[in-house]
Amino acid sequence: MRVVVVPGEDGGGRAVVSGDAAPGGGGGGEVGEVGEVTEVADLAGWMGELERRVGPRWVVPSLAEVYPALLRAGVRLGRCHDLGLAEAILLAFEERAGRPRNVAAAWARPRGLPEPEDAKPQARGEQPALFEADRRTTPAGADPVAQAVDVLADQERRIAGTARPDLLRLLVAAESAGGLAAAEMTHFGLPWRVDVHLDLLVSSLGPRPAPGARPARLAELAARISAAFSGRPINPDHPPSIVKAFAREGIEVDSARAWVLKGVEHPAVEPLLAYKELARLWAAHGWSWLDSWVEGGRFRPDYVVGGVVSGRWATRGGAALQLPKVLRTAVRADPGWALVVADAAQLEPRVLGALSGDPRFAEVAAGDDLYAGVAADAFDGDRDRAKTAMLSAMYGGTSGPAGALLAVLRKRFPVAVEYVEQAARAGEAGRVVRSRLGRTSPPPSEAWQERVSASGDEEVERRARLAARDWGRFTRNFVVQASAADWALAMLASLRRRLLGETAEIVFFQHDEVIVHCPAEVAPLVAAEVEAAALEASRLVFAGAVVQFPLAASIVDSYADAK
DNA sequence: AAGCCTGGCGCC
DNA sequence: AAAGGGCGCCAGGCTT
């Protein structure tokens, strides 16, 4: 059973029960009978009750808008279809990404895509039209629930009309499960020991400075930097002034990046590198970060499901996906509880192996360490060179030794390398590419089209080639990154479903890594479910692939102790 | 003052 | 032959 729900005001809403689509989508994904619309005063209570009794698949315009309030009311949902998330995937698939046609989709649109001119944000308080007119089959002003039913049917029809409706259906289901998991992760929060974090800040930066002042340790380093430049005051936070200061000493550097400075012989280098590292900690994850993001021993970032075109998540505020490794020690299980930390090892090269079906690659990738296997087969056991070669294949790197290493890789694993090169050629030609499940790369902009097709002097044509290659690198990486995101999302969805009846909270998910917080005695079961979820994701996303996707779980007290 | 850009660096 | 993909966030400094 499916229940379509559109929230209204003051915690109420409207709902309608809708029949299930014909099994297997053989009937073209028609929505079955639609019942009477129910006016609900206490939406959370009503949904909680129905969830317990029936456990339907809920259909909502936007989980991000509905689910947090339900969670606060103590209601968790098992299964869901988020119309906005599904719409974003379908519009991209149909190469119409610029025109989301309902508010939820506009909200959920991956960042980085151009804002459509006709999708200006609604004024506050104004009741937005749920759907734009272009595809509406119900009359203007019709019940929003009826419109949602209509959109659901439309989406199912569009999915059924694709070459692989099974894969796209899986992607849409996984995306919605991700929407549920994301809201739950924010609700539960990542356990965060403020005292541990504060100790770390004080021991590395000194006591918390007054507002507007620099921490003592940074001020000392700044003084040492200025002293090293003949006492002339230098602002270490201003890269151009650092470049100029070195130039005055007769040292030409073309940037003030840490890795550039590492190659410079000068007394200012050591304090500068130390300053950069500490300034980063202070600015990005210092006292004000703690004030803003950690409350009651929990870090609660806002996750943006599908926020990256490849299907990776983004976050809004809190920089949750860039937690520096030194801070992992602040992530601790509650007393009597444990963290189950699981990380898919070498996910992207494994994904490339599975996508391409390269038989020799599958053979050497069988072991725990894929790069070691590739090295033994093609690089005289030199793991670093094997890794560089693989990364070049997936990222399009060509500088330094990368080109030559890639040539070796191509000779030994022609099928795997051809897979990404074909994606690169598609991008260079302005075509879209798709992930394993059908997540589709955005089409290049019109500005790109013009630049690439420009003809004229040598410089213009050189720029055209560069622009084409830039986009080729993007699509080359997209097929791997987005298919890895497919797998990770399917794994998360599977894990979430497996843990629904347990006392266990998924509290963190970062591209290829997941953290579960649970009572210590439940941890072994959770670890087993993590591995089962990885197997299930592999079976669903890469059916028949020889390549394995190990997801080893470790049970720890502190995130810093994982692996 | 607010918005945008750049350089830089954290994570995958 | 070929400038390694994706993000978020910060400070500084520019423009509006």
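All values derive from a computational prediction rather than experimental measurement. Letters A, B, ... mirror the listed sequences (proteins, then strands); counts begin at 1.
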Query raised in the report: Do A/Gln510 and A/Glu513 have a side chain donor and acceptor closer than 3.5 Å?
Result: yes
Can you tell me if [atom1] on [X] sees more than 12 non-hydrogen neighbours from other groups inside 6.0 Å?
X: A/Glu418; atom1: CD; result: yes
X: A/Glu531; atom1: CD; result: yes
X: A/Glu459; atom1: CD; result: yes

Tell me whether the OP1 or OP2 atom of [N] has a side-chain N or O from [X] closer than 4.0 Å.
X: A/Ser399; N: C/dA2; value: no
X: A/Thr398; N: C/dG4; value: yes
X: A/Ser310; N: C/dG6; value: no
X: A/His285; N: B/dG10; value: no
X: A/Asn235; N: C/dA11; value: no

Base, sugar-phosphate, or nothing for [X], non-hydrogen atoms under 4.0 angstrom?
X: A/Leu391; result: base
X: A/Arg328; result: sugar-phosphate
X: A/Ala258; result: sugar-phosphate
X: A/Gly403; result: nothing

Whole Å only: how far is the [atom1] atom of [X] from the [atom2] atom of [N]?
X: A/Tyr275; N: C/dG12; atom1: OH; atom2: P; answer: 8 Å
X: A/Phe508; N: B/dC11; atom1: CZ; atom2: P; answer: 11 Å
X: A/Trp282; N: B/dG10; atom1: CH2; atom2: C1'; answer: 17 Å
X: A/Arg463; N: C/dA3; atom1: CZ; atom2: C1'; answer: 14 Å
X: A/Leu278; N: C/dC10; atom1: CG; atom2: P; answer: 18 Å
X: A/Arg312; N: C/dG8; atom1: CZ; atom2: C1'; answer: 13 Å
X: A/Leu281; N: C/dA11; atom1: CG; atom2: P; answer: 13 Å
X: A/Leu347; N: B/dC11; atom1: CG; atom2: P; answer: 19 Å

Report task. Could you label the plane-to-plane angle of the A/Phe474 and A/Phe478 rings as parallel, tilted or perpendicular, counting under 30° as parallel and over 60° as perpendicular? Result ->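 If you compare the ring of A/Phe474 with that of A/Phe478, the planes turn out perpendicular.
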Requested in this report: Just say parallel, tilted or perpendicular for the rings of A/Phe229 and A/Phe246, cut-offs at 30° and 60°.
Outcome: perpendicular
Query raised in the report: Quick one: does A/Arg280 reach the base of B/dC9 with a side-chain donor-acceptor pair under 3.5 Å?
Result: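 Pair found.
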Query raised in the report: Would you call A/Glu184-A/Arg496 a salt bridge at under 4.0 Å N-O?
Result: yes
Query raised in the report: How far apart are the C-alpha atoms of A/Gln346 and A/Asp369, what are their side-chain angles, what is the distance that settles it, and do they pass the side-chain hydrogen bond (donor to acceptor under 3.5 Å, both in side chains) test?
Result: CA-CA 8 Å; A/Gln346 305 165 335; A/Asp369 185 350; 2.9 Å; yes
Would you indicate which nucleotide in [options] comes nearest to any side-chain atom of [X]?
X: A/Thr315; options: C/dG8, C/dA11, C/dG13; value: C/dG8
X: A/Gln322; options: B/dG8, C/dG8, C/dG5; value: C/dG8
X: A/Lys276; options: C/dG4, B/dC9, C/dG5; value: B/dC9
X: A/Ala314; options: C/dG8, C/dG12, B/dC12; value: C/dG8

Query - Within the 6.0 Å centroid threshold, strictly below: A/Trp487 and A/Phe542 - result: no
Report summary line: Expected list for residues 465-484 of chain A near DNA chain C, using heavy atoms below 4.0 Å, is A/Leu466, A/Arg469, A/Arg473, A/Phe474, A/Asn477, A/Gln481
**Report entry** 5'-most by nearest nucleotide on DNA chain C - A/His511 or A/Glu428
**Finding:**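 Comparing both residues, the 5'-ward one is A/Glu428.
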Query raised in the report: Just wondering, do A/Tyr395 and C/dG5 stack (centres under 5.5 Å, planes under 30°)?
Result: yes
